[in-house]
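See below for the structure under consideration.
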Amino acid sequence: MSVDLDQFKGIFFEESFENLDAMETGLLALSEGETDLETVNTIFRGAHSIKGGGAAFGFDVVSSFTHVMEELLDKMRNGEMEADFASVNILLESVDVLRELLKAFQDGLEPDDQRALALKLKLEEIRDGASGVSEIATDSQIEVEAGDTRDEEIIGWTIHFLPYENLLQTGNDPSLMLRELAGLGEMTLQVHTQRIPPLAEMEPEKCYLSWDIELKAPVERDAITEIFEWVEDDCDLDIQPVVQPVERRKMERRDEERRTGEGAGLERRKEDRRAVGKDAAPAPSATIRVSTERIDEIIDMVGELVITQSMLSQLGEDLDLAKLEKLREGLEQLERNSRELQEGVMSIRMQPISFAFNRFPRMVHDVSQKLSKQIRLETSGEDTEMDKTVMEKINDPLVHLVRNSIDHGLETPDERLEAGKEEEGIVRLNAYHQGSFVIIEVSDDGSGLDRERIFTKAIERGLVKESDELSDDQVFRLLLEAGFSTAEQVSDLSGRGVGLDVVRKNIEGLGGSIDIRSELGVGTTFAIRLPLTLAVLDGQLFKVGNDTFILPLSSIVESLQMDQKCISGVASDIELYRLRDEYIPIIDLSKTFSINENPKNMENALLVVVELGERHVGLLIDELLGQQQVVIKSLETNYQRVTGISGATILGDGTVSLILDVAGLIEMSHLDQNNGGKQQKMANNNLVLQEQ
Amino acid sequence: MSKVLIVDDMASMRKMVSFTLESVGHEVTQASDGDEALGIANNNTFDLVVTDVNMPNMDGLTLVKKLRGLANFKFTPILLLTTEAGTEKKMAGKAAGATGWLVKPFNPDKLLATTKRVLG
């Protein structure tokens with residue numbers, strides 16, 4: 001029978017990548033002087049598991065490569081070898097190579113095994129260096145035996161089988177072995193009972209019988225030894241062939257037949273494998289692992305939903321006013337059920353941020369070697385959960401920020417000593433929840449940002465005017481502006497700012513924001529703020545003209561009725577509202593979205609104050625509506641990307657409503673830079689979404 | 001139909017073994033390490049146990065020793081699923097009380113043939 005195992009490849013890959021991560025973490029610990037045996041054990045187990053799975057799926061490169069790793073690790077485990085710097089580095093490289101190999105197999109490609117082969121040689125060198133002798137294949141003996149030409153034909157076997165008394169203790173059962181033997185051919189048994197003691201002395205858990213067996217079956221010896229393989233040491237066993245002389249010619253012909261038969265079979269198998277290689281293109285789909293508890297919870301919720309549904313439909317069959325109260329109760333229950341179900345389903349996609357953090361120890365290890373800086377990576381809040389899709393998208397920005405901290409934030413050991421700090425610099429990754437947001441911080445205890453130099457540079461770049469009065473925060477934010485830095489500045493201004501505008505764009509694209517805190521000589525922190533999920537949000541509905549828009553509730557600080565006295569225009573184009581001690585710019589949404597170009601009477605008009613990072617902006621609207629959870633539909637997949645709008649949703653009455661993106665609105669209104677005039681308007685983007 | 005307990009820290013291996021055994025009608029229970037397996041074994045009986053050797057928390061050899069200490073598992077066939085073909089490992093397995101071993105790479109047909117040999 002054949003069992004199709006391909007369906008398990010997806011899990012195997014996922015698991016192997018996890019194992020590789022664990023191995024990497026372990027190896028890094030070893031390189032830092034960790035000596036716990038369990039660490040080596042974990043690494044060994046990782047290699048071992050990948051080898052087993054690799055072999056089962058026919059990824060021979062993977063299994064032979066991990067085999068050598070495993071042997072090397074076994075030596076370390078047994079104390080025959082030390083986990084010195086060189087060998088740990090080679091093992092780390094091996095982890096990389098394995099990852100590449102598995103990735104290729106996952107994508108259905110034939111992997112490039114050159115690097116693997118070269119590295120395997122190195123591993124073998126280290127392994128053999130430790131023992132002096134390399135192991136020789138164990139099955140050479142069998143080959144010799146099989147190659148023996150015989151002048152006699154085997155027609156059967158006689159077997160003497162005397163189990164020791166304790167044979168049963170291992171769960172082996174002579175009767176099952178005899179049954180197996182009988183399956184090979186005609187069998188005659190002679191049972192010896194002389195070892196059976198008097199009843200009083202007999203122990204039921206011991207085996208007292210033995211057998212002489214005649215088997216009329218022209219099978220190979222292996223077929224028989226295999227049956228007794230597990231009890232070899234628990235019994236007296238003598239296996240003798242029963243032979244009959246044969247004519248040489250006949251025998252040769254048989255041999256030849258067998259050889260050609262085998263040859264053809266081998267050929268066919270090779271072709272099969274090649275065909276599989278070609279057809280294996282569809283890569284296994286991405287999977288998420290979910291605990292059964294979570295699934296059970298969701299099933300429970302679905303159960304309740306079904307109960308509510310049947311209750312409601314019963315009510316609906318003959319509804320009269322008297323039952324109105326019951327209907328309302330039912331609807332409330334329905335709302336609760338669907339909210340719980342939604343939360344339950346969303347939680348499936350939540351994963352601890354350690355998945356994203358785990359790659360950094362390795363990166364820090366590599367980069368610190370390259371730059372000859374001593375760096376310690378500290379992580380906290382690894383258990384903080386966030387949506388898998390968001391996490392995948394912040395990987396690159398995070399890498400960028402950490403690199404940035406190492407490259408430009410941390411000083412060289414000499415500089416640090418001079419500044420009275422420890423030689424070893426610290427890069428810290430931290431994550432925590434704040435409302436419906438996740439905050440991820442990348443900090444270093446390096447030299448900090450030099451406000452004056454950034455300011456000067458920004459003036460040179462034409463981003464600000466010398467007369468501008470900017471807070472520290474505003475100055476630091478200049479680093480995130482496109483066009484702030486060029487390659488030339490890497491050495492000049494300690495390189496801060498290289499590509500940080502890209503980081504900012506990526507994060508804002510996810511509906512997040514980024515803040516910078518820094519103190520000269522003490523260190524710098526980049527704080528990324530991201531929504532927990534990209535699929536639903538708590539929204540505030542409001543009207544501008546006749547259109548309903550939605551703002552993420554989390555971005556709203558407050559809503560107020562404006563007082564004419566507090567409104568002041570500074571530039572011709574921008575009006576400010578004085579809110580307590582702060583002047584915040586007003587964005588008139590009816591102008592932004594070309595709903596009504598006429599200036600609005602601001603007296604008593606409604607202003608929604610929103611925040612982005614640490615800055616505030618007021619949005620001028622016509623009417624506040626309710627708050628509700630909305631499911632975000634991507635504009636990019638259904639239409640195209642539109643600045644100022646992060647998506648759309650369908651309201652209860654079936655109309656489409658646009659969800660505003662605060663970062664985009666600010667960008668459109670050009671509040672960031674005082675270059676006057678709103679050149680970019682929404683006029684060209686008259687969206688026709690009702691068609692959908 | 002027999003009740004089989006399969007113990008392996010790799011979910012993929014566990015699933016492959018289960019799938020293969022279930023395909024011929026066996027009832028399979030899965031555990032991801034020796035600890036979990038022992039917990040299950042305390043309240044259940046099985047006709048066969050198939051366990052990996054290298055596992056976190058409690059390895060296969062320790063599990064075999066502990067299982068043999070339980071009345072319900074005194075004569076239950078216990079097979080070690082191992083990639084290590086070395087005699088030393090096999091002997092360690094036997095010494096712990098294992099019935100036999102299955103050498104990886106995992107091959108469904110071989111698994112079925114071998115389990116047939118130990119299931120009455």
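Note that the structure is predicted; figures quoted are calculated from it, not measured. A note on names: the letters A, B, ... follow the listed sequences, proteins ahead of strands, and every chain is numbered from 1.
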How close do [X] and [Y] get, counting heavy atoms only, and between which atoms?
{"X": "B/Ala11", "Y": "A/Ile11", "answer": "CB-CG2, 4.1 Å"}
{"X": "B/Asp9", "Y": "A/Ser49", "answer": "OD2-OG, 4.0 Å"}
{"X": "B/Asn54", "Y": "A/Arg77", "answer": "OD1-NH1, 3.3 Å"}
{"X": "B/Met13", "Y": "A/Gly53", "answer": "CE-N, 4.0 Å"}

> Between B/Leu79 and chain A, which part of the residue has a heavy atom less than 4.5 Å away: side chain, backbone, both or neither?
Replying inline: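 It is the side chain, since no backbone atom gets that close.
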Atom [atom1] in [X], atom [atom2] in [Y]: separation rounded to 0.5 Å?
{"X": "A/Glu180", "Y": "B/Thr114", "atom1": "CD", "atom2": "OG1", "answer": "8.5 Å"}
{"X": "A/Trp230", "Y": "B/Arg117", "atom1": "CH2", "atom2": "CZ", "answer": "4.5 Å"}
{"X": "B/Lys116", "Y": "A/Leu176", "atom1": "NZ", "atom2": "CG", "answer": "12.5 Å"}

>> Testing B/Lys15, B/Met16, B/Met10 one by one against A/Phe12 for a side chain to side chain contact (heavy atoms under 4.5 Å, CB included), which residue passes?
In response: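 Testing each of B/Lys15, B/Met16, B/Met10 against A/Phe12, the sole residue satisfying side chain to side chain contact (heavy atoms under 4.5 Å, CB included) is B/Met10.
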Under 4.5 Å from a heavy atom of chain B, the part of [X] involved:
{"X": "A/Asn41", "answer": "neither"}
{"X": "A/Glu205", "answer": "both"}
{"X": "A/Asp173", "answer": "neither"}
{"X": "A/Glu229", "answer": "both"}

> Do any N or O atoms from the side chain of A/Glu15 and from the backbone of B/Ser12 form a donor-acceptor pair under 3.5 angstrom?
Replying inline: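 Pair found, side chain donor or acceptor close to backbone of B/Ser12.
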>> Closer than 3.5 angstrom, by distance alone: can the side chain of B/Arg68 be matched with the main-chain N or O of A/Thr170 as a donor-acceptor pair?
In response: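 Yes: the side chain of B/Arg68 pairs with the backbone of A/Thr170.
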>> Going by side chain to side chain donor-acceptor pair (under 3.5 Å), name the residues that satisfy it together with B/His26, two or more places apart in sequence or in a different chain.
In response: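 Scan of B/His26 (side chain to side chain donor-acceptor pair (under 3.5 Å), adjacent residues dropped) gives none.
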>> Heavy-atom count check: over 12 atoms from other residues, nucleotides or ligands less than 6.0 Å from A/Glu293 CD?
In response: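 Open: at most 12 neighbouring heavy atoms sit under 6.0 Å from CD of A/Glu293.
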> Is the closest basic N to carboxylate O distance between B/Lys94 and A/Glu232 below 4.0 Å?
Replying inline: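 Salt bridge between B/Lys94 and A/Glu232, a charged N being under 4.0 Å from a carboxylate O: no.
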>> Show, in sequence, the C-alpha distance, side-chain angles and deciding distance for B/Met91 and A/Asp233, and conclude whether the side chain to side chain contact (heavy atoms under 4.5 Å, CB included) test is met.
In response: CA-CA 9 Å; B/Met91 287 307 111; A/Asp233 301 316; 3.2 Å; yes
